[in-house]
Amino acid sequence: MQSAVPQRSQTFDQAFVDTIIAERTGRPGALLGILQKVQEHQPAQYLPTAVLEYIAAKTAIPLSRIYGVVTFYALFSLEPQGRNSVCICRGTACHTRGSRDLLETAMMSLGLAQGQDGEMEALSVTTADGRTTLRTVACFGQCALAPVVEVNHTIFGHMNERSLLKELGALDQGDLLP
Amino acid sequence: MPSQITVRIDGVLCTATEGQTIFEVAEANGKVIPSLCHMEGVSPAGSCRLCLVEVAGVDRLLPACTTPAQRGMAVTTTSDRLVRHRRLALELMFVERNHVCAVCVSNGHCELQALAMSLGVTYVRYPYNSPRLPVDVSHPRFVLDHNRCILCSRCVRVCDEIEGAHVWDIGGRGIGSRVVAELDQPWGDSQACTSCGKCVQVCPTGALVEKGYGVEEMTRSNSAVARLAMKKGAAS
Ligand code: SF4
Ligand code: FES
Ligand code: FES
């Protein structure tokens, strides 16, 4: 039952990209908006190299500049993303409230391998079935609710292992990509 | 026409044109402010923090290369506090990557090394990061060794502003930042690169070098590129 693994396809909706570019060229900071809209429109929520090259050619923005922007902001992804997104805060407040244990719990429960450098680098891993992407952030700005976990764009405060497992369990009922 | 102003640099009254940076005014008046990312003729980046100066009435230190000189400003370009900060900035650069002078083609002709010597940085107080970074030898004439890069972005700016190719940019963030060619591909595969070698000429360290040189053999001509930049500026 591994039918919905996100493929690294290079296809994109050229007409859509054209409209987005047409809407925004000339505006200051247009690139960010273009990339964001295009990524949202991609089935696996990521930016394949073909689309970056297309945007570069259309807007005359250098490829390396586009790559710099895409790799600077955690928002963008060059890899296919899972259907569900789980994001665990590893900021100071959440750390002191036990977010490392939450991260470990999530990794175990999703069957993800622990990276050697998981502490240093921001983490973003997708399960082999393409169902869920697990990420860390440096602070949601909701420290009063620490530890904070975001599941499919909903913020959950005061999480503990039990409530996290409950949310993860609820994910699994969701359908995979069509 | 921009008006003339006077500023005090290390107690000396200097005349400046409004819009000039503190760095430019100091330079025009024969003062040397340490710098690694500044390059004449291209836009300032403010990334190396070596040009920090004290401005009377301002608590924090300001980078001379990006701060415009203002009427009546009193600037101090050297003090114990500044030396402390500059040494710290250098130490952190040494710690971050692998600057092993003894086996570097730029040994003896390196701006990072020269500055460290002039500021008396003979050791660093922090553990080395010792990252494992790749060396890109895919270009037929040049090499990019990430181990020696200090992310000053001079290469990025000369390639964009003078050559007009914009092959380079800085990818990633924080300690994971790297100079990247186009979509982080091997330099040799870059379609935009004209092989002009300007980036190699302006790199302050041994990160961008020409092939065929041994240890201590690589010298460069930063000023040739600066002259080109001036010409281009005058023409446009
Ligand atoms: S490669 Fe050289 S010029 Fe380019 S950012 Fe690194 S140190 Fe600066
Ligand atoms: S540290 Fe987690 S929300 Fe601020
Ligand atoms: S020369 Fe001013 S910050 Fe580098």
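Chain letters run A, B, ... following the sequence lines, proteins first, then strands; residues in each count from 1.
Counting only residues at least two apart or in different chains, side chain to side chain donor-acceptor pair (under 3.5 Å) contacts with residues 36-53 of chain B comprise B/Ser43-B/Glu161.
Residue B/Asp169 holds its CG atom at 8.5 Å from OG1 of A/Thr71, rounded to the nearest 0.5 Å. Between B/Gln185 atom CD and A/Leu63 atom CG the span is 7.0 Å, to the nearest 0.5 Å.
Within a 6.0 Å sphere centred on NZ of B/Lys211, other residues, nucleotides and ligands contribute more than 12 heavy atoms. In A/Arg65, the CZ atom is not crowded: 12 or fewer heavy atoms of neighbouring residues, nucleotides or ligands sit closer than 6.0 Å. With a 6.0 Å radius and a threshold of 12 heavy atoms from other residues, nucleotides or ligands, A/Phe16 has its CZ atom above the threshold. Residue B/Gln191 places its CD atom among 12 or fewer non-hydrogen atoms of other residues, nucleotides or ligands, all under 6.0 Å distant. At most 12 heavy atoms of other shown residues, nucleotides or ligands fall within 6.0 angstrom of atom CZ in A/Arg97.
Of the atoms belonging to B/Leu183, heavy atoms from both backbone and side chain fall under 4.5 Å from chain A.
Listed in order of number, the residues of residues 131-152 of chain B that approach chain A to under 4.5 Å between heavy atoms amount to none.
Under the 3.5 Å distance criterion, the side-chain polar atoms of A/Ser64 are left unmatched by any main-chain donor or acceptor of B/Val180.
Residues A/Ala74 and B/Arg173 come closest through the heavy atom pair N-NH2, 3.6 Å.
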